[in-house]
Number of protein chains: 2
Amino acid sequence: MFSKACEYGIKASIYIALQSLQDKRVSLKEIAEEINSPVAFTAKILHQLAKNDILDSVKGPAGGFQIEKDNVEKLKLSHVVFAIDGDSIYSGCGLGLEKCNEKQPCPLHDKFVIIRNELKQMLEETSLLDLTSGLDLGITFLKR
Amino acid sequence: MFSKACEYGIKASIYIALQSLQDKRVSLKEIAEEINSPVAFTAKILHQLAKNDILDSVKGPAGGFQIEKDNVEKLKLSHVVFAIDGDSIYSGCGLGLEKCNEKQPCPLHDKFVIIRNELKQMLEETSLLDLTSGLDLGITFLKR
DNA sequence: TTTAATTCGGATAAATTTGTCCGAATTAAA
DNA sequence: TTTAATTCGGACAAATTTATCCGAATTAAA
């Protein structure tokens, strides 16, 4: 469903959000450990999220990544997914047709659009804050 | 969402189903043209579908692929997808956790399961026959 | 000012997916 | 029986995604 890059990006964002709520800035190394991801690859993804204003990054000793507290609730999964995978989740035909729409649909079009819209809605209404609460309570997990 | 292999497999199956309803056996070449796919790659996918009893294949002159008429309605998209991509669409955590379930869920688990179950249900209830009718009427398309 | 911790970012490599090539096997028709 | 059309299936190649490496730039602290 999501690419590996996107999975890492979402997990990292959730972890950073959780720590940011407690005013903690976190390093790449810590993030990769907490979400069980390859360090260097995670660096690239975090970099990309920073460029897209999902995260703030600070260089130098005691540097790392964080999210403005106000943004933890404002940032939705859709923002993270879009920053990494673009609109590939939203656009595009289920059967790979270049030009597939209501006027000239593939055989699966109608059924596919329904599912995709629900995915879209879920991504757009789920904030990073929503996803941190279970983690904090120890009832959801980011690794294993 | 689906892999290219799966997209080609679904489109090919729909086309073969449509022709089979009119007792026409179709060649690899014709299929690849009709669904706008690379011939040799399509061959591999058809071969795989034949091995999994989704299609019948006949070698030699006037050979090709077909689907038993009775099976056109019995075969669901889920069968085609499973023959090509395995259960990857169904199983697996949305965030890539090895062990993600009701007991030890990722933060996205509940929301993800809802979407995936709807996809699953759609694939399991949609038959090849369902997808041929629009094609036959010229209101749905397999290429462009 | 120097040092060390950190992100930045390009080059490269490994793995996977997608796609090509071609000879072997099969089989209907000439 | 020969020929030609076709699928079968393995080897290989290209493209994309995933992952690694390492030096440059930045910056807080010693």
Side-chain angles (χ1 to χ4, degrees), chain A residues 1-13 15-16 19 24-33 35-67 81 83-86 88-89 92 95-96 98, chain B residues 1-13 15-16 19-20 24-33 35-67 81 83-86 88-89 92 95-96:
Chain A
M1 188 81 87
F2 300 119
S3 66
K4 279 286 168 195
C6 208
E7 287 177 7
Y8 297 149
I10 294 172
K11 286 189 281 192
S13 297
Y15 181 70
I16 297 166
Q19 299 304 318
K24 286 180 192 160
R25 182 184 295 160
V26 284
S27 72
L28 165 65
K29 199 181 154 196
E30 179 181 343
I31 294 166
E33 271 167 16
I35 71 174
N36 201 30
S37 66
V39 178
F41 191 44
T42 306
K44 297 220 177 300
I45 296 160
L46 292 178
H47 184 41
Q48 200 170 350
L49 290 174
K51 271 198 305 185
N52 282 275
D53 297 317
I54 310 286
L55 314 173
D56 299 322
S57 71
V58 177
K59 294 179 194 173
F65 299 88
Q66 65 197 52
I67 298 176
V81 172
I84 298 172
D85 278 354
S88 61
I89 287 260
L95 297 184
E98 287 173 28
Chain B
M1 188 82 88
F2 300 120
S3 65
K4 280 286 167 195
C6 208
E7 287 177 6
Y8 297 149
I10 293 172
K11 286 190 280 191
S13 297
Y15 182 71
I16 297 167
Q19 299 304 318
S20 293
K24 286 180 192 160
R25 183 185 293 158
V26 285
S27 72
L28 164 63
K29 199 180 153 198
E30 179 181 343
I31 294 167
E33 270 166 17
I35 71 174
N36 200 29
S37 66
V39 178
F41 191 43
T42 306
K44 298 217 179 303
I45 296 160
L46 293 177
H47 184 40
Q48 201 170 348
L49 290 174
K51 273 198 304 185
N52 283 274
D53 297 318
I54 309 283
L55 313 174
D56 300 323
S57 71
V58 178
K59 294 179 197 174
F65 299 88
Q66 65 196 51
I67 297 175
V81 172
I84 298 172
D85 278 354
S88 61
I89 287 261
L95 297 185

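In what follows, chains carry the letters A, B, and so on, assigned in the order in which the sequence lines appear, proteins first and then strands, with residues in each chain numbered from 1. Heavy atoms only: backbone and side chains are in, while hydrogens, waters and symmetry mates are out.
Residue A:K44 is classed as a base contact, given a heavy-atom separation below 4.0 Å to a base.
A heavy-atom distance below 4.5 Å is found between the side chains of A:Y15 and A:Q19. Residues B:L46 and B:I16 are in side-chain contact: their nearest non-hydrogen atoms beyond the backbone lie under 4.5 Å apart.
In this structure, B:I35 CD1 and B:Y8 OH are separated by 8.0 Å, a value rounded to the nearest 0.5 Å. Between the CD1 atom of A:I31 and the OG1 atom of A:T42 there is a distance of 8.5 Å, given to the nearest 0.5 Å. Here the NE2-CD1 distance, from B:H47 to B:I45, works out to 12.0 Å after rounding to the nearest 0.5 Å. With values rounded to the nearest 0.5 angstrom, A:L49 atom CG is found 13.5 Å from A:K44 atom NZ.
Read 5' to 3', the first and last nucleotides of DNA chain C with an atom closer than 4.0 Å to a heavy atom of chain B are C:dT18 to C:dA28.
As the counterpart of C:dT16, D:dA15 is assigned, both hydrogen-bonding distances of the Watson-Crick or G-U wobble pattern falling under 3.5 Å. In this structure, C:dA11 forms a base pair with D:dT20, meeting either the Watson-Crick or the G-U wobble geometry with both donor-acceptor distances under 3.5 Å. With a cut-off of 3.5 Å on both pairing distances, the Watson-Crick or G-U wobble partner of C:dA28 is D:dT3.
Put simply, CD1 on A:I45 is 11 Å from P on D:dT20, counting in whole angstrom units. Rounded to a whole Å, the CZ atom of A:F41 is 16 Å from the P atom of D:dT16. Atoms CD (A:Q48) and C1' (D:dT17) sit 13 Å apart, rounded to a whole Å.
Place A:P38 and B:H47 on DNA chain D by their nearest nucleotides, and B:H47 ends up nearer the 5' end. The residue among A:T42 and B:V58 whose nearest nucleotide of DNA chain D lies closer to the 5′ end is B:V58. Summary of the strand contacts: B:K59 and B:C6 both lie near DNA chain C, and taking for each the nucleotide with the nearest heavy atom, the more 5' one is attributed to B:C6.
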